[in-house]
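Values below: every heavy atom of this structure, side chains too, minus hydrogens, waters and symmetry copies. All ligand and atom numbering here is 1-based and tracks the order in the structure. We're numbering straight along the sequence, starting at 1. Nothing here was measured: the structure is a model prediction, and the numbers come from that model.
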Amino acid sequence: MLKTKKYQFWFCTGSQDLYGEECLAHVAEHSGKMVEALNASGNLPYEVVWKPTLVTDGLIRRTFNEANIDEACAGVITWMHTFSPAKSWIHGLQELRKPLLHLHTQFNREIPYDSIDMDFMNENQAAHGDREYGHIFSRLHMARKVIMGYWEEADVQKRIGDWMRTAVGVIESRHVRVMRVADNMRNVAVTEGDKVEAQIKFGWEVDAYPVNDIAASVAAVSKGDIDALVEEYYDRYEILLEGRDEKEFRDHVAVQAGIEIGFERFLEERDYHAIVTHFGDLGALKQLPGLAVQRLMEKGYGFGAEGDWKTAAMVRIMKIMSQGMKDAKGTSFMEDYTYNLIPGKEGILQSHMLEVCPSVADGQISIREQPLSMGDREDPARLVFTAKTGPAIATSLIDLGNRFRLIINEVDCKKVERPMPKLPAATAFWTPRPSLQTGAEAWILAGGAHHTAFTFDLTAEQMGDWAEAMGIEAVYIDGDTKIRQFKNELFWNSIAYR
Ligand code: MN
(Lines give C-alpha, C1' and ligand atoms only; values in the text may rest on other atoms or scores of the structure.)
Protein backbone atom coordinates (compact mmCIF):
# COMPACT_ATOMS: atom_id res chain seq x y z
CA MET A 1 0.00 0.00 0.00
CA LEU A 2 1.00 3.58 -0.52
CA LYS A 3 2.03 4.76 2.92
CA THR A 4 4.26 7.79 3.23
CA LYS A 5 5.18 10.04 6.10
CA LYS A 6 3.45 13.25 7.12
CA TYR A 7 6.22 15.33 5.69
CA GLN A 8 6.96 18.92 6.68
CA PHE A 9 8.99 21.70 5.11
CA TRP A 10 11.08 24.13 7.14
CA PHE A 11 10.78 27.83 6.39
CA CYS A 12 14.15 29.48 7.00
CA THR A 13 14.48 33.25 6.66
CA GLY A 14 17.87 34.81 6.24
CA SER A 15 19.13 38.10 7.69
CA GLN A 16 22.10 39.41 9.66
CA ASP A 17 22.90 41.33 12.87
CA LEU A 18 23.73 44.59 11.11
CA TYR A 19 20.23 46.06 11.20
CA GLY A 20 19.56 45.94 14.95
CA GLU A 21 17.05 44.17 17.19
CA GLU A 22 13.98 46.03 16.01
CA CYS A 23 14.54 45.13 12.38
CA LEU A 24 15.16 41.47 13.24
CA ALA A 25 11.95 41.41 15.27
CA HIS A 26 10.09 42.63 12.18
CA VAL A 27 11.78 40.01 10.00
CA ALA A 28 10.64 37.25 12.37
CA GLU A 29 7.14 38.68 12.56
CA HIS A 30 6.85 38.91 8.78
CA SER A 31 8.10 35.38 8.12
CA GLY A 32 5.75 34.06 10.81
CA LYS A 33 2.80 35.68 9.03
CA MET A 34 3.91 34.25 5.71
CA VAL A 35 4.15 30.71 7.10
CA GLU A 36 0.70 31.08 8.64
CA ALA A 37 -0.77 32.28 5.37
CA LEU A 38 0.92 29.53 3.34
CA ASN A 39 -0.46 26.86 5.67
CA ALA A 40 -3.94 28.39 5.59
CA SER A 41 -3.97 28.76 1.79
CA GLY A 42 -5.09 25.22 1.00
CA ASN A 43 -2.61 25.28 -1.89
CA LEU A 44 0.18 23.30 -0.20
CA PRO A 45 0.07 19.51 0.14
CA TYR A 46 2.38 19.56 3.16
CA GLU A 47 2.81 21.70 6.28
CA VAL A 48 5.35 24.52 6.47
CA VAL A 49 7.18 24.90 9.80
CA TRP A 50 8.55 28.31 10.79
CA LYS A 51 12.17 28.41 11.99
CA PRO A 52 13.97 31.25 13.83
CA THR A 53 15.73 33.74 11.52
CA LEU A 54 19.14 32.54 10.37
CA VAL A 55 21.75 35.23 10.96
CA THR A 56 25.10 33.52 11.49
CA ASP A 57 27.22 30.78 9.94
CA GLY A 58 26.90 28.70 13.12
CA LEU A 59 23.11 28.91 13.30
CA ILE A 60 22.69 28.17 9.58
CA ARG A 61 24.94 25.15 9.84
CA ARG A 62 23.17 23.82 12.94
CA THR A 63 19.69 24.35 11.50
CA PHE A 64 20.51 22.59 8.22
CA ASN A 65 22.07 19.66 10.04
CA GLU A 66 18.95 19.40 12.18
CA ALA A 67 16.95 19.33 8.93
CA ASN A 68 19.19 16.51 7.69
CA ILE A 69 18.43 14.25 10.63
CA ASP A 70 14.75 15.13 11.02
CA GLU A 71 12.99 12.30 9.18
CA ALA A 72 9.79 14.32 8.82
CA CYS A 73 11.58 17.19 7.08
CA ALA A 74 11.39 16.75 3.29
CA GLY A 75 13.04 20.03 2.42
CA VAL A 76 13.79 23.61 3.36
CA ILE A 77 12.29 26.79 1.95
CA THR A 78 14.67 29.72 2.21
CA TRP A 79 14.15 33.43 1.67
CA MET A 80 16.39 36.43 2.38
CA HIS A 81 14.16 39.11 3.87
CA THR A 82 17.17 41.43 4.13
CA PHE A 83 20.75 41.15 3.02
CA SER A 84 22.46 38.06 4.44
CA PRO A 85 26.13 37.81 3.44
CA ALA A 86 26.30 34.55 1.53
CA LYS A 87 29.69 33.40 2.79
CA SER A 88 27.84 32.63 6.02
CA TRP A 89 25.73 30.09 4.08
CA ILE A 90 28.60 28.12 2.51
CA HIS A 91 29.14 25.59 5.30
CA GLY A 92 25.45 25.04 5.92
CA LEU A 93 24.67 24.55 2.24
CA GLN A 94 27.60 22.20 1.75
CA GLU A 95 26.26 20.04 4.55
CA LEU A 96 22.55 20.19 3.63
CA ARG A 97 21.23 16.94 2.18
CA LYS A 98 17.55 17.89 1.80
CA PRO A 99 15.89 19.52 -1.25
CA LEU A 100 16.00 23.31 -1.14
CA LEU A 101 13.60 25.91 -2.50
CA HIS A 102 14.81 29.46 -2.85
CA LEU A 103 11.57 31.43 -2.58
CA HIS A 104 12.29 34.83 -4.06
CA THR A 105 9.51 36.99 -2.66
CA GLN A 106 8.99 40.11 -0.58
CA PHE A 107 6.80 40.79 2.47
CA ASN A 108 5.15 43.92 1.06
CA ARG A 109 3.52 43.79 -2.35
CA GLU A 110 3.71 47.46 -3.31
CA ILE A 111 6.35 50.13 -2.82
CA PRO A 112 4.91 52.41 -0.05
CA TYR A 113 5.49 55.57 -2.06
CA ASP A 114 4.39 58.07 0.56
CA SER A 115 6.24 56.65 3.54
CA ILE A 116 9.27 54.86 2.12
CA ASP A 117 12.55 55.87 3.79
CA MET A 118 15.96 54.29 4.33
CA ASP A 119 14.76 52.24 7.33
CA PHE A 120 12.13 50.64 5.12
CA MET A 121 14.70 50.03 2.38
CA ASN A 122 17.08 48.31 4.81
CA GLU A 123 14.36 46.13 6.18
CA ASN A 124 12.70 45.08 2.92
CA GLN A 125 15.38 44.24 0.44
CA ALA A 126 14.84 40.68 -0.79
CA ALA A 127 15.60 41.93 -4.31
CA HIS A 128 19.06 42.66 -2.92
CA GLY A 129 19.58 39.83 -0.42
CA ASP A 130 18.17 37.04 -2.59
CA ARG A 131 20.66 37.89 -5.34
CA GLU A 132 23.60 37.56 -2.97
CA TYR A 133 22.14 34.29 -1.74
CA GLY A 134 21.45 32.95 -5.25
CA HIS A 135 25.02 33.71 -6.24
CA ILE A 136 26.50 31.30 -3.72
CA PHE A 137 24.44 28.36 -5.09
CA SER A 138 25.70 29.07 -8.57
CA ARG A 139 29.23 29.34 -7.22
CA LEU A 140 28.79 26.01 -5.38
CA HIS A 141 27.13 24.37 -8.46
CA MET A 142 24.24 23.33 -6.24
CA ALA A 143 20.87 22.17 -7.53
CA ARG A 144 17.99 24.16 -6.08
CA LYS A 145 14.57 25.35 -7.11
CA VAL A 146 13.97 29.08 -7.54
CA ILE A 147 10.40 30.40 -7.45
CA MET A 148 9.79 34.13 -7.80
CA GLY A 149 6.53 35.85 -7.00
CA TYR A 150 4.35 37.34 -4.32
CA TRP A 151 3.71 34.87 -1.47
CA GLU A 152 -0.03 35.60 -1.24
CA GLU A 153 -0.64 34.79 -4.91
CA ALA A 154 -2.36 31.44 -5.46
CA ASP A 155 -0.22 30.57 -8.48
CA VAL A 156 2.99 31.12 -6.47
CA GLN A 157 1.60 28.98 -3.66
CA LYS A 158 0.65 26.26 -6.13
CA ARG A 159 4.17 26.28 -7.56
CA ILE A 160 5.52 25.88 -4.02
CA GLY A 161 3.08 22.99 -3.62
CA ASP A 162 4.29 21.38 -6.85
CA TRP A 163 7.88 21.67 -5.68
CA MET A 164 6.94 20.08 -2.34
CA ARG A 165 5.67 17.04 -4.25
CA THR A 166 8.95 16.87 -6.16
CA ALA A 167 10.92 17.15 -2.91
CA VAL A 168 8.95 14.27 -1.41
CA GLY A 169 9.73 12.29 -4.59
CA VAL A 170 13.42 13.04 -4.03
CA ILE A 171 13.35 11.97 -0.37
CA GLU A 172 11.18 8.90 -1.00
CA SER A 173 13.35 7.77 -3.91
CA ARG A 174 15.93 6.72 -1.31
CA HIS A 175 13.39 4.27 0.14
CA VAL A 176 12.11 2.63 -3.05
CA ARG A 177 12.55 -1.14 -3.07
CA VAL A 178 11.71 -3.01 -6.26
CA MET A 179 11.00 -6.74 -6.28
CA ARG A 180 11.77 -8.57 -9.49
CA VAL A 181 9.79 -11.76 -9.96
CA ALA A 182 11.81 -12.57 -13.05
CA ASP A 183 14.79 -11.29 -14.94
CA ASN A 184 14.74 -9.04 -17.98
CA MET A 185 12.99 -10.35 -21.09
CA ARG A 186 15.62 -12.10 -23.19
CA ASN A 187 17.46 -9.88 -25.69
CA VAL A 188 15.54 -6.70 -24.82
CA ALA A 189 17.91 -3.73 -24.45
CA VAL A 190 16.01 -0.72 -23.19
CA THR A 191 14.62 -2.37 -20.05
CA GLU A 192 18.14 -3.32 -18.90
CA GLY A 193 20.33 -1.14 -16.73
CA ASP A 194 22.93 -0.79 -14.03
CA LYS A 195 21.23 -1.56 -10.73
CA VAL A 196 24.25 -0.60 -8.66
CA GLU A 197 24.39 2.81 -10.32
CA ALA A 198 20.63 3.16 -9.81
CA GLN A 199 21.12 2.60 -6.09
CA ILE A 200 23.94 5.15 -6.01
CA LYS A 201 22.02 7.75 -8.03
CA PHE A 202 18.40 7.18 -6.95
CA GLY A 203 18.67 5.06 -3.81
CA TRP A 204 16.69 2.17 -5.30
CA GLU A 205 17.13 -1.37 -4.06
CA VAL A 206 16.28 -3.84 -6.81
CA ASP A 207 16.14 -7.50 -5.75
CA ALA A 208 15.18 -10.65 -7.64
CA TYR A 209 13.15 -13.57 -6.25
CA PRO A 210 12.53 -16.97 -7.85
CA VAL A 211 9.03 -16.89 -9.31
CA ASN A 212 8.01 -20.00 -7.37
CA ASP A 213 8.68 -18.24 -4.04
CA ILE A 214 5.90 -15.79 -4.82
CA ALA A 215 3.80 -18.54 -6.43
CA ALA A 216 3.96 -20.35 -3.07
CA SER A 217 2.63 -17.21 -1.38
CA VAL A 218 -0.23 -17.21 -3.91
CA ALA A 219 -0.94 -20.91 -3.32
CA ALA A 220 -1.13 -20.27 0.43
CA VAL A 221 -4.05 -17.83 0.14
CA SER A 222 -7.21 -19.35 1.65
CA LYS A 223 -10.32 -20.03 -0.41
CA GLY A 224 -12.29 -17.79 1.94
CA ASP A 225 -10.02 -14.81 1.26
CA ILE A 226 -10.17 -15.43 -2.48
CA ASP A 227 -13.97 -15.77 -2.52
CA ALA A 228 -14.37 -12.52 -0.60
CA LEU A 229 -12.17 -10.62 -3.05
CA VAL A 230 -13.95 -12.16 -6.06
CA GLU A 231 -17.21 -10.88 -4.58
CA GLU A 232 -15.65 -7.41 -4.34
CA TYR A 233 -14.58 -7.62 -8.00
CA TYR A 234 -18.06 -8.71 -9.09
CA ASP A 235 -19.62 -5.83 -7.14
CA ARG A 236 -17.27 -3.23 -8.47
CA TYR A 237 -16.66 -4.17 -12.09
CA GLU A 238 -18.85 -5.03 -15.03
CA ILE A 239 -18.50 -8.69 -16.03
CA LEU A 240 -18.23 -9.24 -19.77
CA LEU A 241 -18.74 -12.99 -20.28
CA GLU A 242 -18.69 -12.69 -24.10
CA GLY A 243 -20.08 -16.20 -24.44
CA ARG A 244 -17.71 -17.83 -21.96
CA ASP A 245 -18.94 -20.28 -19.36
CA GLU A 246 -19.95 -18.37 -16.23
CA LYS A 247 -18.32 -20.77 -13.77
CA GLU A 248 -15.10 -21.05 -15.73
CA PHE A 249 -14.98 -17.25 -15.99
CA ARG A 250 -15.35 -16.90 -12.24
CA ASP A 251 -12.65 -19.50 -11.64
CA HIS A 252 -10.27 -17.52 -13.83
CA VAL A 253 -11.10 -14.32 -11.96
CA ALA A 254 -10.44 -16.19 -8.70
CA VAL A 255 -6.93 -17.00 -9.91
CA GLN A 256 -6.23 -13.27 -10.19
CA ALA A 257 -7.75 -12.66 -6.73
CA GLY A 258 -5.32 -15.22 -5.31
CA ILE A 259 -2.44 -13.52 -7.13
CA GLU A 260 -3.44 -10.09 -5.81
CA ILE A 261 -3.57 -11.27 -2.20
CA GLY A 262 -0.52 -13.53 -2.43
CA PHE A 263 1.60 -10.90 -4.17
CA GLU A 264 0.60 -8.14 -1.79
CA ARG A 265 1.41 -10.25 1.27
CA PHE A 266 4.78 -11.17 -0.22
CA LEU A 267 5.54 -7.50 -0.99
CA GLU A 268 4.41 -6.24 2.41
CA GLU A 269 6.29 -8.90 4.38
CA ARG A 270 9.52 -7.92 2.64
CA ASP A 271 8.81 -4.17 2.42
CA TYR A 272 8.82 -3.82 -1.38
CA HIS A 273 7.01 -0.95 -3.11
CA ALA A 274 7.25 -1.91 -6.75
CA ILE A 275 7.19 -5.15 -8.69
CA VAL A 276 8.19 -6.48 -12.07
CA THR A 277 6.91 -9.63 -13.75
CA HIS A 278 7.69 -11.38 -17.03
CA PHE A 279 5.15 -13.28 -19.13
CA GLY A 280 7.84 -15.82 -20.08
CA ASP A 281 8.75 -16.79 -16.52
CA LEU A 282 5.62 -17.66 -14.57
CA GLY A 283 6.63 -20.86 -12.73
CA ALA A 284 3.64 -22.31 -10.91
CA LEU A 285 1.41 -19.27 -11.54
CA LYS A 286 -1.63 -20.26 -13.57
CA GLN A 287 -2.06 -16.91 -15.30
CA LEU A 288 0.06 -13.92 -16.10
CA PRO A 289 -0.79 -11.45 -13.32
CA GLY A 290 -3.29 -9.08 -14.97
CA LEU A 291 -6.20 -7.82 -12.96
CA ALA A 292 -4.10 -8.52 -9.85
CA VAL A 293 -1.24 -6.25 -10.94
CA GLN A 294 -3.69 -3.60 -12.14
CA ARG A 295 -5.18 -3.47 -8.66
CA LEU A 296 -1.77 -3.40 -6.97
CA MET A 297 -0.81 -0.40 -9.11
CA GLU A 298 -4.04 1.31 -8.09
CA LYS A 299 -3.05 0.76 -4.45
CA GLY A 300 0.23 2.59 -5.07
CA TYR A 301 2.73 -0.08 -6.06
CA GLY A 302 5.03 0.61 -8.97
CA PHE A 303 4.98 -1.85 -11.86
CA GLY A 304 7.06 -2.71 -14.89
CA ALA A 305 6.48 -5.57 -17.31
CA GLU A 306 9.10 -7.93 -18.78
CA GLY A 307 11.55 -7.24 -15.99
CA ASP A 308 11.48 -3.45 -16.44
CA TRP A 309 12.57 -2.35 -12.95
CA LYS A 310 13.40 1.24 -13.96
CA THR A 311 9.84 1.94 -15.10
CA ALA A 312 8.47 0.12 -12.03
CA ALA A 313 10.45 2.42 -9.72
CA MET A 314 9.43 5.52 -11.70
CA VAL A 315 5.73 4.57 -11.51
CA ARG A 316 6.12 4.17 -7.75
CA ILE A 317 7.83 7.55 -7.36
CA MET A 318 5.24 9.31 -9.51
CA LYS A 319 2.46 7.73 -7.46
CA ILE A 320 4.12 9.05 -4.28
CA MET A 321 4.57 12.52 -5.80
CA SER A 322 0.90 12.73 -6.80
CA GLN A 323 -0.44 11.18 -3.59
CA GLY A 324 -3.50 12.81 -2.05
CA MET A 325 -4.05 15.23 -4.95
CA LYS A 326 -7.53 16.60 -5.26
CA ASP A 327 -9.12 15.46 -8.53
CA ALA A 328 -6.16 13.24 -9.41
CA LYS A 329 -6.64 11.59 -12.80
CA GLY A 330 -4.17 8.77 -12.44
CA THR A 331 -0.67 7.37 -12.93
CA SER A 332 0.24 4.16 -14.72
CA PHE A 333 2.76 1.96 -16.43
CA MET A 334 2.10 2.30 -20.18
CA GLU A 335 3.38 1.05 -23.50
CA ASP A 336 3.41 2.50 -27.00
CA TYR A 337 1.63 0.08 -29.31
CA THR A 338 0.31 1.33 -32.61
CA TYR A 339 -0.19 4.60 -34.50
CA ASN A 340 -3.10 6.35 -36.11
CA LEU A 341 -1.58 8.19 -39.05
CA ILE A 342 -4.69 9.79 -40.53
CA PRO A 343 -3.88 13.51 -41.03
CA GLY A 344 -5.44 15.59 -38.26
CA LYS A 345 -6.11 12.51 -36.13
CA GLU A 346 -2.55 11.40 -35.46
CA GLY A 347 -1.75 9.68 -32.20
CA ILE A 348 -0.38 6.62 -30.42
CA LEU A 349 -2.58 3.88 -29.03
CA GLN A 350 -1.26 3.08 -25.57
CA SER A 351 -1.90 -0.14 -23.73
CA HIS A 352 -0.20 -3.21 -22.40
CA MET A 353 -1.10 -6.85 -22.64
CA LEU A 354 -2.83 -6.48 -19.28
CA GLU A 355 -1.15 -4.15 -16.87
CA VAL A 356 -2.65 -0.65 -17.14
CA CYS A 357 -3.57 1.03 -13.85
CA PRO A 358 -7.31 1.62 -13.35
CA SER A 359 -6.51 4.99 -11.71
CA VAL A 360 -6.43 6.44 -15.26
CA ALA A 361 -9.81 4.91 -16.23
CA ASP A 362 -12.65 7.03 -17.49
CA GLY A 363 -16.03 5.59 -16.59
CA GLN A 364 -16.93 1.93 -16.57
CA ILE A 365 -14.31 -0.70 -15.77
CA SER A 366 -15.03 -4.23 -17.00
CA ILE A 367 -13.48 -7.63 -16.52
CA ARG A 368 -12.78 -9.57 -19.70
CA GLU A 369 -11.06 -12.87 -20.38
CA GLN A 370 -9.56 -13.42 -23.77
CA PRO A 371 -6.52 -15.30 -25.01
CA LEU A 372 -3.23 -13.50 -24.48
CA SER A 373 -1.81 -14.71 -27.81
CA MET A 374 1.54 -15.01 -25.99
CA GLY A 375 3.00 -17.37 -23.42
CA ASP A 376 1.59 -20.70 -22.35
CA ARG A 377 -0.96 -20.03 -19.59
CA GLU A 378 -4.74 -19.90 -19.29
CA ASP A 379 -6.60 -16.83 -20.54
CA PRO A 380 -6.04 -14.14 -17.90
CA ALA A 381 -8.74 -11.95 -16.40
CA ARG A 382 -8.07 -8.25 -17.01
CA LEU A 383 -9.63 -4.93 -16.18
CA VAL A 384 -10.61 -3.21 -19.41
CA PHE A 385 -11.37 0.50 -19.83
CA THR A 386 -10.33 3.57 -21.75
CA ALA A 387 -8.29 6.36 -20.18
CA LYS A 388 -9.32 9.90 -19.32
CA THR A 389 -8.58 12.78 -21.66
CA GLY A 390 -6.47 15.91 -21.23
CA PRO A 391 -2.84 16.96 -20.86
CA ALA A 392 -0.46 14.44 -19.31
CA ILE A 393 3.21 13.43 -19.33
CA ALA A 394 4.95 10.25 -20.41
CA THR A 395 8.44 9.60 -19.06
CA SER A 396 11.16 7.10 -19.87
CA LEU A 397 14.26 6.55 -17.77
CA ILE A 398 17.03 4.98 -19.83
CA ASP A 399 20.54 3.79 -19.06
CA LEU A 400 23.03 5.07 -21.65
CA GLY A 401 25.91 3.03 -20.31
CA ASN A 402 27.71 5.91 -18.65
CA ARG A 403 24.66 7.73 -17.27
CA PHE A 404 20.90 7.82 -16.91
CA ARG A 405 18.67 10.07 -18.99
CA LEU A 406 15.05 10.94 -18.18
CA ILE A 407 12.96 11.74 -21.25
CA ILE A 408 9.82 13.74 -20.49
CA ASN A 409 7.16 14.17 -23.15
CA GLU A 410 4.07 16.34 -22.78
CA VAL A 411 1.14 14.58 -24.44
CA ASP A 412 -2.56 15.24 -25.02
CA CYS A 413 -4.83 12.30 -24.25
CA LYS A 414 -7.92 11.90 -26.41
CA LYS A 415 -10.72 9.46 -27.01
CA VAL A 416 -10.38 7.22 -30.04
CA GLU A 417 -13.03 7.77 -32.67
CA ARG A 418 -14.71 4.38 -32.35
CA PRO A 419 -14.82 1.55 -29.81
CA MET A 420 -12.42 -1.36 -30.30
CA PRO A 421 -14.63 -4.33 -29.38
CA LYS A 422 -12.09 -6.99 -30.25
CA LEU A 423 -9.28 -5.51 -28.14
CA PRO A 424 -9.43 -7.04 -24.64
CA ALA A 425 -7.03 -4.58 -23.00
CA ALA A 426 -7.23 -1.18 -21.29
CA THR A 427 -6.12 1.66 -23.56
CA ALA A 428 -5.18 5.31 -23.74
CA PHE A 429 -4.65 7.35 -26.88
CA TRP A 430 -2.45 10.39 -27.05
CA THR A 431 -0.80 12.82 -29.39
CA PRO A 432 2.69 13.78 -28.25
CA ARG A 433 3.61 17.44 -28.31
CA PRO A 434 4.51 19.30 -30.42
CA SER A 435 3.08 16.78 -32.94
CA LEU A 436 3.18 13.05 -33.52
CA GLN A 437 5.89 13.48 -36.12
CA THR A 438 8.28 15.72 -34.17
CA GLY A 439 7.42 14.13 -30.82
CA ALA A 440 8.13 10.60 -32.04
CA GLU A 441 11.28 11.68 -33.91
CA ALA A 442 12.63 13.40 -30.79
CA TRP A 443 11.70 10.44 -28.56
CA ILE A 444 13.54 8.03 -30.86
CA LEU A 445 16.58 10.31 -31.18
CA ALA A 446 16.75 10.52 -27.38
CA GLY A 447 16.61 6.71 -27.09
CA GLY A 448 13.30 6.59 -25.22
CA ALA A 449 11.72 3.21 -24.46
CA HIS A 450 8.39 1.74 -25.56
CA HIS A 451 7.55 1.48 -21.85
CA THR A 452 6.67 4.68 -20.00
CA ALA A 453 5.74 5.89 -16.55
CA PHE A 454 2.70 7.99 -17.36
CA THR A 455 0.66 10.47 -15.33
CA PHE A 456 -2.06 13.07 -15.68
CA ASP A 457 -1.17 14.56 -12.29
CA LEU A 458 2.42 15.82 -12.49
CA THR A 459 4.11 18.32 -14.77
CA ALA A 460 7.21 18.10 -16.94
CA GLU A 461 8.72 20.77 -14.68
CA GLN A 462 8.23 18.58 -11.60
CA MET A 463 9.86 15.56 -13.24
CA GLY A 464 12.71 17.68 -14.61
CA ASP A 465 13.32 19.08 -11.12
CA TRP A 466 13.35 15.54 -9.75
CA ALA A 467 15.96 14.52 -12.34
CA GLU A 468 18.09 17.57 -11.51
CA ALA A 469 18.00 16.69 -7.81
CA MET A 470 19.14 13.16 -8.73
CA GLY A 471 22.03 14.60 -10.73
CA ILE A 472 20.91 13.06 -14.01
CA GLU A 473 20.18 14.41 -17.47
CA ALA A 474 16.59 15.34 -18.33
CA VAL A 475 15.32 16.22 -21.80
CA TYR A 476 11.91 17.69 -22.51
CA ILE A 477 9.82 17.05 -25.60
CA ASP A 478 7.03 19.61 -25.65
CA GLY A 479 5.43 22.41 -27.61
CA ASP A 480 8.80 24.15 -27.98
CA THR A 481 10.74 21.16 -29.35
CA LYS A 482 12.48 21.58 -32.68
CA ILE A 483 14.49 18.64 -33.98
CA ARG A 484 17.62 20.58 -34.96
CA GLN A 485 17.83 22.21 -31.53
CA PHE A 486 16.96 18.94 -29.79
CA LYS A 487 19.79 17.07 -31.55
CA ASN A 488 22.22 19.76 -30.49
CA GLU A 489 20.97 19.49 -26.92
CA LEU A 490 21.54 15.73 -26.90
CA PHE A 491 25.01 16.23 -28.34
CA TRP A 492 25.97 18.93 -25.86
CA ASN A 493 24.56 16.89 -22.98
CA SER A 494 26.63 13.88 -24.07
CA ILE A 495 29.71 16.02 -23.44
CA ALA A 496 28.44 17.67 -20.26
CA TYR A 497 27.42 14.38 -18.65
CA ARG A 498 30.48 12.41 -19.70
MN1 MN B 1 6.01 -4.40 -22.63
Which atom name does [X] have for its N/O/S atom nearest to the Mn ion (ligand 1)?
X      : answer
Glu335 : OE1
His451 : NE2
Glu306 : OE1

Does the side chain of Lys415 come within less than 4.5 Å of Thr386's, by heavy atoms? yes
Within 2.8 Å of the Mn ion (ligand 1), is there any N, O or S atom belonging to Asp308? no
Contact flag His450/the Mn ion (ligand 1), N/O/S atoms, threshold under 2.8 Å: no
If you draw the axis of the six-membered ring of Tyr272, does the NZ or CZ of Arg316 fall within 45° of it and under 6.0 Å from the ring centre? no
Quick one: sort the Phe202 and Phe404 rings into parallel, tilted or perpendicular, breaks at 30° and 60°. tilted
Just checking, any donor-acceptor pair under 3.5 angstrom between side chains of Glu172 and Tyr7? yes
Give a yes or no on whether Lys482 atom NZ has more than 12 heavy-atom contacts from other residues, nucleotides or ligands under 6.0 Å away. no
